[in-house]
Amino acid sequence: MVSNPELRGDDQELQQLLEDEQLGAALRRSYVPHWLHLGWISSTAGAAVKGIPIPQSFKNSEEKIFQLKDGGTVSLDWWQQQRSDRPVVLVLPGMANSSRSIYIRYTMARLDEAGFQAVAMNYRAVEHLEITSPHLGCADTWKDLPEVLDVIEEACPKQPIFAMGFSMGGTILTKYLGEQGEHCRIRAAVAVSCKVLSFLMAQPLKLWLFKKRAQIAKLWPHCEMSQVMSSGSLLTVAGYFLEHQGYHTVSDYFLQNDPEPVLHKITCPTLILGAKDDPLMMPVPRPTIARNKRLLLVETEDGGHMGWAGKGALGPQIFGASWADGLAARFLTFHAKRPLAATISVPPPDTSLASAMDVPRSRL
């Protein structure tokens with residue numbers, strides 16, 4: 001269904017965005033689904049296909065692997081090659097995805113086209129990375145971002161850093177932004193399809209764990225992988241490993257990594273993109289988002305979970321940069337051109353009764 005995106009944000013901030021020629025046009029433009037669109041199922045299925053990793057021989061980037069202070073291994077994959085003459089956008093993939101996932105390659109190419117140096121983070125134990133510590137890459141990866149940003153700042157001194165996160169990557173990003181508050185080192189950010197707890201997400205997690213079963217067996221010899229594979233609940237799958245991550249219970253894990261309670265502390269402009277038919281992004285905490293004028297929520301009627309179509313020569317297309325990629329690139333470009341003082345602001349403390357009574361909704 002062709003429809004205009006619904007915009008929710010501070011009136012003054014939103015007006016400034018709409019007055020920008022390119023960003024304003026993108027925000028006003030109707031979203032048109034691709035011709036195979038049959039509701040959220042087809043959109044989400046298309047996104048799942050784009051999550052498949054590309055062969056190593058097709059990888060047009062320069063990956064640098066390094067160890068964190070606790071011994072965990074992560075990597076930064078620089079689009080084409082590492083360069084220090086452009087503003088940087090750190091791209092955070094979704095759960096069980098990596099810089100080799102097709103949709104991440106499209107995003108990085110779109111950001112490069114917009115004049116940014118795109119670099120994607122590969123979490124601990126993801127895809128091709130060895131497990132070198134008991135801690136796996138999950139929603140608490142926001143704790144790794146300070147070290148990752150140190151590496152980026154050393155590689156690209158004096159360049160502003162922006163960020164874009166998908167699904168779990170969006171949750172990681174917003175949690176980091178809220179925890180850091182005014183000390184955040186991100187100039188502006190985009191969170192795409194931040195997801196909530198769902199049994200549907202147990203499947204990619206199990207596939208990832210199955211691929212790493214030999215390494216997991218060495219770390220945790222008492223783990224029964226057959227039980228993990230037969231589990232239909234994400235809670236059950238997560239429960240087998242969270243005790244090794246320092247969490248007493250599954251609820252403890254979700255509560256400690258839920259970004260919603262700290263959304264009001266975010267000080268950098270943050271665009272939150274979602275589709276109203278996304279089964280993994282419900283319920284959307286609209287009242288919490290509305291309390292922070294630095295947050296802009298843009299929702300389409302259709303799109304599923306990261307399943308938006310892109311704009312092609314012959315109309316909407318399934319493959320290639322998506323609607324979200326295009327809007328994100330324009331949003332980040334807008335803030336890259338703004339003076340730093342106009343971009344960063346410190347929100348007042350959130351002391352409202354409504355905020356105090358909010359019950360955190362667990363997010364992955």
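Quick caveat, the model's predicted, so the values are computed rather than measured. Heavy atoms only: backbone and side chains are in, while hydrogens, waters and symmetry mates are out. In this chain, residues are counted from 1 in sequence order.
Within 6.0 Å of CD in Gln81 there are 12 or fewer heavy atoms belonging to other residues, nucleotides or ligands. Crowding of Asp85 atom CG: a count of heavy atoms from other residues, nucleotides or ligands under 6.0 Å exceeding 12.
Taking the charged nitrogens against the carboxylate oxygens, Arg286 and Glu6 have no contact shorter than 4.0 Å, which rules out a salt bridge. Salt bridge status for Glu63 with Arg100: present, with a side-chain N to carboxylate O gap under 4.0 Å. A salt bridge links Lys337 with Asp20: at least one charged nitrogen is closer than 4.0 Å to a carboxylate oxygen.
Between Phe166 and Asp325, the closest heavy-atom pair is CZ-OD1, 3.8 Å. Heavy-atom minimum distance, Thr333 versus Ala114: OG1-CB, 4.0 Å. Contact detail for Ser61 and Trp78: the closest heavy-atom pair is CB-O, 3.0 Å. The nearest pair of heavy atoms linking Val91 to Met108 is CG2-CG, 4.4 Å. The minimum heavy-atom distance between Asp144 and Met121, with the atom names listed, is CB-CE, 4.2 Å. Scanning all heavy atoms of the two residues, the minimum distance from Ser133 to Gly71 falls at CB-C, 4.1 Å.
Considering only heavy atoms from C-beta on, Met164 stays 4.5 Å or farther from Leu90 through its side chain. In this structure, Ile186 and Tyr176 have side chains that are in contact, with non-hydrogen atoms separated by less than 4.5 Å. Counting only heavy atoms from C-beta outward, the side chains of Phe116 and Leu332 approach each other to under 4.5 Å. The shortest distance between side-chain heavy atoms of Leu76 and Gln82 does not fall below 4.5 Å. The shortest distance between side-chain heavy atoms of Ile65 and Leu129 falls below 4.5 Å. Side-chain contact between Trp323 and Pro5 is present, with at least one heavy-atom pair separated by less than 4.5 Å. Residues Arg124 and Thr141 form no side-chain contact, since every pair of their non-hydrogen atoms from C-beta on lies 4.5 Å or further apart. Between Tyr123 and Ile172 the shortest side-chain heavy-atom distance falls below 4.5 Å.
Checking side-chain atoms of Ser101 against main-chain N and O of Asn97 turns up no donor-acceptor pair under 3.5 Å. In this structure a side-chain-to-backbone donor-acceptor pair under 3.5 Å is present from Ser322 to Ala324. Proximity of a side-chain donor or acceptor of Ser98 to a complementary backbone N or O of Ala96 within less than 3.5 Å is not detected. Not a single donor-acceptor pair under 3.5 Å links the side chain of Asp77 to the backbone N or O of Lys64.
Here side chain to side chain donor-acceptor pair (under 3.5 Å) pairs that include residues 110-120, with residues two or more places apart or in two chains, are Arg86-Asp112.
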Would Lys276 and Glu301 count as a salt bridge (charged side-chain N to carboxylate O under 4.0 Å, His left out) if you check the C-alpha gap in whole Å, the side-chain angles of each, and the deciding distance to 0.1 Å?
CA-CA 5 Å; Lys276 291 184 178 181; Glu301 292 294 330; 3.5 Å; yes
Between Asn257 and Trp142, is the side chain to side chain donor-acceptor pair (under 3.5 Å) condition met? List the steps.
CA-CA 8 Å; Asn257 297 296; Trp142 62 271; 2.7 Å; yes
Criterion side chain to side chain contact (heavy atoms under 4.5 Å, CB included) on Leu7 and Leu297, from CA distance to verdict:
CA-CA 6 Å; Leu7 314 178; Leu297 174 64; over 6 Å; no
Determine, step by step, whether Tyr253 and Asp140 satisfy the side chain to side chain donor-acceptor pair (under 3.5 Å) criterion, reporting the C-alpha distance in whole Å, the side-chain angles of both residues, the deciding distance to 0.1 Å, and the verdict.
CA-CA 8 Å; Tyr253 165 75; Asp140 62 6; 5.9 Å; no
Which is it for Val74 and Phe66 under the side chain to side chain contact (heavy atoms under 4.5 Å, CB included) test, yes or no, and what are the steps along the way?
CA-CA 6 Å; Val74 298; Phe66 60 96; 3.6 Å; yes
Walk me through it: do Leu68 and Thr73 pass the test side chain to side chain contact (heavy atoms under 4.5 Å, CB included)?
CA-CA 6 Å; Leu68 301 170; Thr73 298; over 6 Å; no
Does the pair Lys143 and Glu179 meet the rule for a side chain to side chain contact (heavy atoms under 4.5 Å, CB included), with working shown?
CA-CA 10 Å; Lys143 298 176 183 178; Glu179 289 290 340; over 6 Å; no
Glu260 and Thr288: CA distance, side-chain angles, deciding distance, side chain to side chain donor-acceptor pair (under 3.5 Å) verdict
CA-CA 7 Å; Glu260 185 175 346; Thr288 306; 3.1 Å; yes
Does Asp11 form a side chain to side chain donor-acceptor pair (under 3.5 Å) with Gln15? I'd like the steps, not just the answer.
CA-CA 6 Å; Asp11 290 341; Gln15 185 60 37; over 6 Å; no
Between side-chain atoms of residues 148-160 and protein atoms elsewhere (two or more places apart, or another chain), which donor-acceptor pairs fall under 3.5 Å?
| residue | atom | partner | partner atom | Å |
| --- | --- | --- | --- | --- |
| Asp150 | OD1 | Arg185 | NH1 | 2.8 |
| Asp150 | OD1 | Arg185 | NH2 | 3.4 |
| Glu153 | OE1 | Arg185 | NH1 | 2.9 |
| Gln159 | NE2 | Ser84 | O | 3.2 |

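Tracing side-chain contacts under 4.5 Å through hydrophobic residues (I, L, V, M, F, W, Y), one reaches Leu27 starting from Trp308; they form part of the same cluster. Cluster membership for Leu327 and Phe331, using ILVMFWY side-chain heavy atoms within less than 4.5 angstrom, is shared.
Within the model, atoms CZ of Arg28 and CG of Asn4 stand 10.5 Å from one another, a figure rounded to the nearest 0.5 Å. Distance check, rounded to the nearest 0.5 Å: CG of Leu173 to OG1 of Thr270 gives 7.0 Å. Here SG of Cys194 is found 11.5 Å from CE of Met168. Values are rounded to the nearest 0.5 Å. Annotation: the span from Arg330 atom CZ to Glu21 atom CD amounts to 10.5 Å, rounded to 0.5 Å. Rounded to the nearest 0.5 angstrom, Glu13 CD and Leu295 CG are separated by 10.0 Å. Between the CG atom in Leu92 and the OG atom in Ser167 there is a gap of 11.5 Å [rounded to 0.5 Å].
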